[in-house]
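In what follows, a structure is listed as structure tokens, so that the remarks can point back to it.
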Amino acid sequence: MSNYHLFIAWRYLFSKKSHHAINIISAISACGVGLATLAMVCTLSVFNGFQSLVSDLFTDFDPELKITLAEGHTLEASDHAIRDLQKRDDVETATLCLEDQALVVRDGKQMVVTIKGMSDNYGRQLNTARLLYPSTEEAPVLHADVLEYSIPGIQLALKMGLRPDFEPPLQVYAPKRGERVNMGNPMSSFNSDELISSGVVFQVKQSKYDAHYILTSLNFAQNLFDQPGRISQVELRLKPGTNTHRAQRSIARQLGSRFIVSDRYEQQADVFRIMKIEKFIAYLFLTFILMVASFNIVGSLSMLMIDKERDIETLRNLGASPHDISRIFILEGNMISLLGAIVGAILGVALCWLQQRFGIIAMGQSEGAFLVEAYPVVVRAWDIVLILLTVLLTSAAIVWYPVRKNYPR
């Protein structure tokens, strides 16, 4: 007898009413909730898709783990903490880097760029097969004897009018450390050097890198920036199968508070924070739409309560309290919303699968104008759970007041 509330609510949901309009309104209420649920599933999955796309783009350039100083800009490459780090069993490659800004000049064109000097093992850190154009399986050398080679970003190369095998060399200037600019002879206050072409450019498909970075040797950067034997960061590639978060925590404990150990998401924290905020705002807007759709359930229940007055009187004569009767109709409202939510979630997941499989909705009419031809979607189980909980809580909150008002304790 303890489950009779659920039994009666279930019978009311599917039973034939004396007024056919009640069935129609109930169906419309369920459809409204279902459409709102479908919209939430598809919208949040599109945000997940863009986040995954951006993450994949950064993967080829950003290291699995990046180690920088908590205070200051550079440290000695021979620092004992760095030497110990290179001996760890879970570290496959540790690339030493020095990164700073400089001025490049060629044929009257000049740009302020970021020079990133990297140690000779950089080819095992970067996915050069995907990054470099023309594509090459082996990473080109960055220095030979007295020659220093460069790999500019593709957008930077276009702005400077550089071909992959450009000639003559790039002139690079950086201010000398600790010196004021000599107004009588400004060039004497700058270190200068030349970078010749390595025959390739790199492309991350992100303006942050492609339009502002030049890769070169660590030795070149140290000489240019007056930082002999010093580095600004260490980039780690972990051995296959290593848990990144566990390795990050272990390395952070080993290095202590002097250093900051960042994974790929933390290295691009601003980008992913903005994407999370956008996703949350979209979720809030769709929740408001869901609330509007849920108000249809109130109308459906109000008509049902009027239609079932004789049944309610019978239940009262059998000993049912106002609380028991209100519980029946609250369960009825929750069933309508749950039915709509489940159908909407199933249809939403199906639409996302079709988008993944066939790319039904394209990004634009011009082929090749975007990084991907169709909107990317990624369905996550936690999002589905969150959406279903949102639907149930929203409908329960909306239904509770009018039902309890008619049938108080």
Would you say the side-chain atoms of [X] pair up with the backbone N or O of [Y], donor to acceptor, closer than 3.5 Å?
| X | Y | result |
| --- | --- | --- |
| H212 | S207 | yes |
| N243 | H245 | yes |
| S150 | P152 | no |
| T242 | T244 | no |
| S197 | P164 | yes |
| Q267 | P63 | yes |
| Q355 | L351 | no |

Which heavy atom in [X] sits nearest to a heavy atom in [Y], and how many Å separate them?
| X | Y | value |
| --- | --- | --- |
| G359 | A374 | CA-CB, 3.6 Å |
| A282 | T43 | CB-CG2, 4.1 Å |
| L44 | Y283 | CD2-CB, 4.2 Å |
| R258 | L75 | NH2-CD1, 4.4 Å |
| P168 | R106 | O-NE, 3.3 Å |

Does the side chain of [X] reach to within under 4.5 Å of the side chain of [Y], using non-hydrogen atoms?
| X | Y | result |
| --- | --- | --- |
| M275 | F50 | yes |
| V104 | I214 | yes |
| R253 | S250 | yes |
| S217 | Q222 | no |
| P140 | V200 | yes |
| V113 | I115 | yes |
| E194 | E148 | no |
| V33 | V391 | yes |

Discussion item. Over 60° means perpendicular and under 30° means parallel, so tell me whether F272 and Y265 are parallel, tilted or perpendicular.
Written reply: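 Aromatic pair F272/Y265 classed tilted.
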Item to complete: State which residue, out of Q206, R264, Q268, fulfils the side-chain hydrogen bond (donor to acceptor under 3.5 Å, both in side chains) condition with D62.
Response: Q268
Worksheet entry | Residues that I154 engages under side chain to side chain contact (heavy atoms under 4.5 Å, CB included), provided they are two or more places apart |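 Once residues adjacent in sequence are excluded, the partners of I154 under the side chain to side chain contact (heavy atoms under 4.5 Å, CB included) criterion are V201, Q203, D210.
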Practice prompt. Not counting sequence neighbours, which residues clear side chain to side chain contact (heavy atoms under 4.5 Å, CB included) with L338? List them please.
Written response: I342, L392
Checking [Y] against [X]: is there a side-chain donor and acceptor pair closer than 3.5 Å?
| X | Y | value |
| --- | --- | --- |
| S135 | R130 | no |
| D84 | Q254 | no |
| E64 | Q248 | no |
| K276 | Q51 | no |
| D383 | N48 | yes |

Item to complete: Kindly indicate, with the supporting measurements, whether the criterion side-chain contact (heavy atoms from CB on, under 4.5 Å) is fulfilled by L142 and S198.
Response: CA-CA 7 Å; L142 296 178; S198 61; 5.6 Å; no
Hey, could you give me the [atom1]/[atom2] distance between [X] and [Y], rounded to the nearest 0.5 Å?
| X | Y | atom1 | atom2 | answer |
| --- | --- | --- | --- | --- |
| I251 | D90 | CD1 | CG | 5.5 Å |
| Y209 | L215 | OH | CG | 11.0 Å |
| L96 | N121 | CG | CG | 7.0 Å |

Worksheet item: Given the rule in the side-chain contact (heavy atoms from CB on, under 4.5 Å) test, do V378 and R380 qualify, once you have shown the distances and angles that lead to the verdict?
Response: CA-CA 6 Å; V378 174; R380 291 180 180 159; 4.2 Å; yes
Name each donor-acceptor pair under 3.5 Å that joins a side chain in residues 224-239 to protein atoms two or more places apart or in another chain, with its distance.
{"unit_1": "D226", "atom_1": "OD1", "unit_2": "N191", "atom_2": "ND2", "d": "3.2"}
{"unit_1": "D226", "atom_1": "OD2", "unit_2": "R177", "atom_2": "N", "d": "3.3"}
{"unit_1": "D226", "atom_1": "OD2", "unit_2": "N191", "atom_2": "ND2", "d": "3.1"}
{"unit_1": "R230", "atom_1": "NE", "unit_2": "T74", "atom_2": "OG1", "d": "2.9"}
{"unit_1": "R230", "atom_1": "NH1", "unit_2": "E76", "atom_2": "OE2", "d": "3.1"}
{"unit_1": "R230", "atom_1": "NH2", "unit_2": "T74", "atom_2": "O", "d": "2.9"}
{"unit_1": "R230", "atom_1": "NH2", "unit_2": "T74", "atom_2": "OG1", "d": "3.4"}
{"unit_1": "S232", "atom_1": "OG", "unit_2": "C97", "atom_2": "O", "d": "3.4"}
{"unit_1": "S232", "atom_1": "OG", "unit_2": "E99", "atom_2": "N", "d": "3.0"}
{"unit_1": "Q233", "atom_1": "NE2", "unit_2": "E99", "atom_2": "OE1", "d": "3.4"}
{"unit_1": "Q233", "atom_1": "NE2", "unit_2": "E235", "atom_2": "OE2", "d": "2.9"}
{"unit_1": "E235", "atom_1": "OE2", "unit_2": "K116", "atom_2": "NZ", "d": "2.6"}
{"unit_1": "K239", "atom_1": "NZ", "unit_2": "D89", "atom_2": "O", "d": "2.9"}

Discussion item. Could you check whether F61 and F202 have their ring centres less than 6.0 Å apart?
Written reply: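 Yes; F61 has its ring centre under 6.0 Å from that of F202.
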Fill in: Heavy-atom neighbours of R163 CZ exceed 12 at 6.0 Å
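Open: at most 12 neighbouring heavy atoms sit under 6.0 Å from CZ of R163.
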